[in-house]
Amino acid sequence: MTELRSQGWYGGDGRDGYIHRAWMRRGSPDDAFDGTRPQIAIANTASDLTPCNMHLDEVSAAVKRGVAEAGGVGLDLPVVSLGETLVRPTAMLWRNMAAMAMEEMFRANPIDGLVLLGGCDKTIPALLMAAASVGIPAVVVPGGPMMNGMFRGQRMGCGTGVWQLSEEVRAGTLSPEAFLASDRSMVRSKGHCSTMGTASTMAIMAEALGMTLPGTAGTPATDSRLIEASILTGRLAVDLVRQGRTIADVITKESFHNAIVAIAATGGSTNAVVHMLAIAGRLGIDLTLEDFDRIGADVPLLVNLQPSGKFLMEDLYNAGGLLAVLAEVKDLLDPTPITVTGRPLVDYLDDQPIWNTEVITPRAEPLIEAAGIVVLKGNLASNGAIIKPAAASAHLLQHRGRAIVFDSIEDFHARVDDPDLPVTPDSVLILRGCGPMGYPGMPEVANLPLPQKILKQGVRDMVRISDGRMSGTAYGTVVLHVAPEAAAGGLLGLVQDGDEIVLDVANRSITLDVPDDELALRTPSPALVAGYASATRGWERLYIEHVQGADTGADLDFLVGASGAEVARESH
Ligand code: FES
């Protein structure tokens, strides 16, 4: 083992070493500081205001036990937490802030290795972005999904159930009282959302990237096997430091390939795109929007989970979990990238049976032949947009319709149920001003609820287009992440009511069918600057001045890349 990074603080006979040891001693024997025991920080996103991560203190205690068993020193490091459902205006506005704060604390402290505890949507990507920019050894423990929601004898997916039942209320087929009574049936335990939403997708991403102990992702938060995995991960973190295996040794272009395959085969959230691009940017890996389409588009969907399917994460775990899914698509994986254990991911795919073929379908009987995310380009999205065909309606994947434009989500809510809104089932609903800069923060609002008069016709899906994101628990024929966004001068800002729009998923195109000379005469709606005009100070100001487009991960321009682990100056 080479000299531990923490010896830069604790080593030596000088006054500085004395100070660092003295304040940290608190009963610790000398071997806590003598360079034989790696200092492992447990970066913990537990918070009572991040309900999906409330239980991570228990996970942290188990990790700490494992660290001690392997001869390391485990250190609690509470970091910025983001609760998806509570944080306003959108947790995505704060992802980069959380990552920046975490990065600086990882670098500023005497840490040799990291165990990253996340769960709710933005927490794992923020932790990985931060750890990637520092570059010391790191491993993830995903906090795991909650128990299956059950309402009136049916599985009720967290998030997905809200969208479905609220639409039923609007359509008049479910009473408001029954709707309100369902919340406790949906969220029954600790853990993150039970569907294949963003949190589940981020856990799968972390494992497929090689950043977890293989077999850990998707372990339910209530399951004793999560504690076991946490103890083993604590031991592994000490080993990682002793081996000198860093995050850059594990996360490579090839491991992104495997993560894209894993997310497509499991029907993962579209939010994976923006987070993976941001993580890659921190590592200097040339991952592009096109890679998602090229690698993932033809991957079969093998997991029958809500929002596009029937079951929930607990069912997936019991059916064999991620490793059973990956075993089915082993030939599509790159065999070379290693995991945190030092062994390739594909080494863990032998003897991984499927225990329930309704939940995980065999490769020969996929739920959908080609399930990945499709990247669309055209004059309406010259830098790209995405759509998830697996969550869309097949009959709408080739569509021409007239635009109905909303300049903000507030504008949408004010007018959507206006009886005079000239909307038909063939209309294309446009929501703009919801990109990273425009909102600001790129909220999950793109899966617009359908107008009441359309719902009453029995229609449950329409083409929708936005520069915003969609919740991973949502579904529908929704074109997302349109770049450049309207507020940054994208053509989306020039669309007018009645314009014809052509969506052609098979040909990867999205077109505003208006002559160029007519577009040249148009100016963007003044309402598009309203969203970010009030961002005059603090993080929001910094964010709108530096945020990049969704097509490259919506990171801040000055956070892309790495600063490394070195700190040149002493504190005193
Ligand atoms: Fe936290 Fe869904 S709200 S994971």
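In listed order, ligands and their atoms are each counted from 1. Position 1 is the first residue of the sequence, and the numbers go up from there.
A salt bridge is defined here as a Lys NZ or Arg NE, NH1 or NH2 lying under 4.0 Å from an Asp or Glu carboxylate O, and Arg95 with Asp121 fails to meet this definition. A salt bridge is defined here as a Lys NZ or Arg NE, NH1 or NH2 lying under 4.0 Å from an Asp or Glu carboxylate O, and Glu228 with Arg225 fails to meet this definition. A salt bridge links Arg282 to Asp555: at least one charged side-chain nitrogen sits closer than 4.0 Å to a carboxylate oxygen.
Atoms of ligand 1 lying under 4.0 Å from at least one heavy atom of Cys120, given by number and element, are 1 (Fe), 3 (S), 4 (S). Those atoms of ligand 1 with a heavy atom of Glu84 less than 4.0 angstrom away are 3 (S). Those atoms of ligand 1 with a heavy atom of Thr85 less than 4.0 angstrom away are 3 (S). Near Asp121, with a cut-off below 4.0 Å to any heavy atom, the atoms of ligand 1 are 2 (Fe), 4 (S). Heavy-atom proximity to Ala199, at under 4.0 Å, picks out these atoms of ligand 1: 4 (S).
The closest side-chain heavy-atom distance from Leu165 to Met186 is not below 4.5 Å.
Of the protein's heavy atoms, Cys193 SG, 2.2 Å lies nearest to atom 2 (Fe) of ligand 1.
Remark: among candidates Pro145, Cys52, Ala91, Ser200, the nearest residue to atom 1 (Fe) of ligand 1 is Cys52, based on non-hydrogen atoms.
Counting all heavy atoms, side chain and backbone alike, Ala486 lies closest to Gly433 at CB-N, 4.1 Å.
Among the backbone and side-chain atoms of His192, no N/O/S atom is found under 2.8 Å from atom 2 (Fe) of ligand 1.
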| message | For Asp315 and Asn148: C-alpha separation, side-chain torsions, deciding distance, then whether side-chain hydrogen bond (donor to acceptor under 3.5 Å, both in side chains) applies. | response | CA-CA 8 Å; Asp315 302 309; Asn148 282 352; 3.1 Å; yes

